[in-house]
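Below is one structure; the comments refer to it alone.
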2 protein chains.
Amino acid sequence: MRKNELYEFIKLYLMTVKIKQNKKEATRERNQQLILAAAEKIFAKLGYDGASMSMIAKEAGVAKANIHYYFNSKECLYETVLENIVNSWNLGLEDVSVEDDPAVILYKYIQYKVILSIEQPMQSRLFAIEMIRGAPFLQDYIRTNSRPWFREKHELLQAWMDAGKMDQVDPNHLLFTIWSTTQYYADFEAEALLLLNKHEYEEIDVKAITQSIAQIILKGIGLSIPK
Amino acid sequence: MRKNELYEFIKLYLMTVKIKQNKKEATRERNQQLILAAAEKIFAKLGYDGASMSMIAKEAGVAKANIHYYFNSKECLYETVLENIVNSWNLGLEDVSVEDDPAVILYKYIQYKVILSIEQPMQSRLFAIEMIRGAPFLQDYIRTNSRPWFREKHELLQAWMDAGKMDQVDPNHLLFTIWSTTQYYADFEAEALLLLNKHEYEEIDVKAITQSIAQIILKGIGLSIPK
DNA sequence: ACGCATACTGACTAAAAGGTCAACGTATCG
DNA sequence: CGATACGTTGACCTTTTAGTCAGTATGCGT
């Protein structure tokens, strides 16, 4: 019975610990999230150098020194924000096999990326700023994480082409084309809205954008919009 | 003969003025260009806030105070750089009429924009940064200058479609698609090179990029690559 | 209730920013 | 040759920045 006792003890202990740390740990988690959200917003709007720690503190509703309590430096905070974004990035083209229909998969991917661009434009912009700067913080991450993902998708597209399911196009540039066309509406929102003479995107725009991009790209690689 | 005399006098006077101002005005012109070139480089690499006047001064090889002699403020310098870029921007799709072949015209435009992206990436990046910031300096310029240009091209594309020369696509999004796909290689050079596992673009890449983009977009709107 | 670790902050520092200015250098003209 | 306007600069100013720190407040376990 010793085993059982031990098990019960551990279970109780863990529960106690959890309850004990509830308030403190919850505060910790909450404030970190608050700071990260504020940082994402400010960094995306003003860039790394344009953003100041006091602005982020004000946005998050905490004292500036408190940010330094959770994050050692401005660089550290920026890096954390960026990695959080890229971590939640490459979804939307996952769990795909050669058997799937490229038209359906790619249409969904375009749709997914357009929605993300319209609804979370700041993430896209923050990523863009980092790339424009030459990816000083993200280049290691891209090398180790994005590259395998990219290779995998490259092979998938190539397999579809080999199977005669779509036209022969350079898979690299096809992926770049999908990224750039969809992210344009986040990164260049100011230009797009000014030229379209709008104040903000509407629900109907999301559909029109998705449709236009999908029409051009899918037909461009020998497919057609599904359904 | 008085008219002729006056004309000769003016001609001589202007020549004299030109000669007189040669050295000083040449220096003025030269240094302004030097400063503007340096500013373009530094602003594009580090953004508006990341760039400092002393860096630009160092890059241009002049004293910091001397920049303020030619340009009132950092904002003024930044604005001048931006407007110079956009002034030399919308070329490549000029002097086009409905009678022209859309395939030829659009292929040339894509080619032009790809070359510009590869050879002058800093201009594209500076523009991108300004747009990401919400176009605080360029929005007036876009409203008054880019919008008419955009409307004109919109009508041109619509006319081609009405004439049955190409598929029916939203002309706005078609233009956005061309811009985004071509500018991607400048703005996201870091990402593209990392994923392509290259140190820099080569001559062959320019052709491959142009070909891939043109293939997808032109076929996507019912055309094919000319010649 | 008390002691202790965690959470938090106002007030500070040193560095760097944009911008100014008086003084000096230099080409042009009477 | 002066006189004048333009070109140039080092030194300086104010403001803002990232980051620090001593000290306070707040739960938590005993």
Side-chain angles (χ1 to χ4, degrees), chain A residues 9 12-36 38-39 42-43 45-82 133 136-137, chain B residues 12-36 38-39 42-43 45-81 133 136-137:
Chain A
F9 172 75
L12 270 168
Y13 174 75
L14 286 176
M15 274 176 69
T16 322
V17 167
K18 228 179 191 174
I19 291 164
K20 272 182 193 169
Q21 292 184 343
N22 243 355
K23 203 155 188 178
K24 282 201 170 182
E25 201 159 295
T27 316
R28 187 178 188 84
E29 193 72 21
R30 210 197 71 235
N31 282 12
Q32 278 187 345
Q33 285 312 118
L34 234 59
I35 292 167
L36 283 171
I42 304 289
F43 277 135
K45 192 150 64 186
L46 302 165
Y48 178 77
D49 301 280
S52 79
M53 295 300 268
S54 22
M55 286 167 133
I56 296 171
K58 197 179 163 190
E59 176 75 30
V62 301
K64 194 187 70 167
N66 202 19
I67 297 182
H68 280 92
Y69 174 73
Y70 287 109
F71 302 92
N72 291 329
S73 64
K74 191 184 184 183
E75 284 198 2
C76 174
L77 176 60
Y78 181 69
E79 217 170 323
T80 309
V81 170
L82 271 180
R133 285 165 53 102
F137 292 100
Chain B
L12 270 168
Y13 173 75
L14 287 176
M15 276 178 68
T16 324
V17 168
K18 231 179 191 173
I19 291 163
K20 274 181 192 169
Q21 292 184 341
N22 243 355
K23 203 155 189 176
K24 282 202 171 182
E25 201 159 296
T27 316
R28 185 179 190 82
E29 193 74 22
R30 209 198 71 236
N31 282 11
Q32 279 187 342
Q33 285 313 117
L34 235 59
I35 292 167
L36 282 171
I42 304 290
F43 277 136
K45 192 152 63 185
L46 302 166
Y48 179 78
D49 301 279
S52 78
M53 296 299 270
S54 22
M55 286 167 132
I56 296 172
K58 198 179 165 191
E59 176 75 29
V62 302
K64 194 186 68 167
N66 203 17
I67 297 182
H68 279 93
Y69 174 74
Y70 287 108
F71 303 92
N72 291 330
S73 63
K74 191 185 184 182
E75 284 198 3
C76 173
L77 176 60
Y78 182 68
E79 217 168 323
T80 309
V81 171
R133 285 165 53 102
F137 291 100

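Hydrogens, waters and symmetry mates play no part in the numbers below; they use all other heavy atoms, side chains included. Just so we're on the same page: letters track the sequence lines, and every chain starts at 1.
Separating the CG atom of A:Asp49 from the C1' atom of C:dG18 is a distance of 15 Å, rounded to the nearest angstrom. D:dT17 atom C1' lies 14 Å from atom CG of A:Leu46, rounded to whole Å. Going from atom NZ of B:Lys74 over to atom P of C:dG19 covers 8 Å, rounded to whole Å. In this structure, B:Leu34 atom CG and D:dG7 atom C1' are separated by 14 Å, rounded to whole Å. As rounded to whole Å, 11 Å separates atom C1' of D:dG7 from atom CD1 of B:Ile35. Atom CE of B:Met53 and atom P of D:dT9 are 15 Å apart (whole Å). As a whole-Å value, the separation of B:Arg30 CZ from C:dA27 P is 12 Å. Atom pair A:His68:NE2 and D:dA22:C1' shows a separation of 17 Å (rounding to whole Å applied).
Phosphate proximity of D:dG7 to B:Tyr69: present, with a side-chain N or O under 4.0 Å from OP1 or OP2. Remark: B:Asn66 is not in phosphate contact with D:dG7, judged by side-chain N or O atoms under 4.0 Å from OP1 or OP2. For the OP1/OP2 pair of D:dG7 and a distance below 4.0 Å, the side-chain nitrogens and oxygens of B:Arg28 include at least one atom meeting the criterion. In this structure, B:Tyr70 reaches the D:dT8 phosphate: one of its side-chain N or O atoms is under 4.0 Å from OP1 or OP2. Under 4.0 angstrom from either OP1 or OP2 of C:dA7 there lies no side-chain N or O belonging to A:Asn31.
The salt bridge (Lys or Arg N to Asp or Glu O under 4.0 Å) check on A:Glu59 picks up A:Lys41, with sequence neighbours excluded.
As judged by a 4.0 angstrom heavy-atom cut-off over every strand, B:Ala57 is placed among residues making no nucleic acid contact. In this structure, A:Ala63 reaches the sugar-phosphate backbone alone: every heavy-atom distance under 4.0 Å involves primed, P, OP1 or OP2 atoms, never a base.
Between A:Phe43 and A:Tyr48, the ring-plane angle classifies as parallel under the 30° and 60° cut-offs.
The residue among A:Gly50 and A:Asn72 whose nearest nucleotide of DNA chain D lies closer to the 5′ end is A:Gly50.
Side chains of A:Leu46 and A:Met55 form a contact here, defined as non-hydrogen atoms less than 4.5 Å apart. Counting heavy atoms from C-beta outward, A:Tyr69 and A:Asn66 have side chains that approach closer than 4.5 Å. Within the 4.5 Å cutoff, no side-chain heavy atoms of A:Ile56 are placed close to those of A:Val62.
With hydrogens and angles left out, the side chain of A:Lys64 and the base of D:dG19 share a donor-acceptor pair within 3.5 Å.
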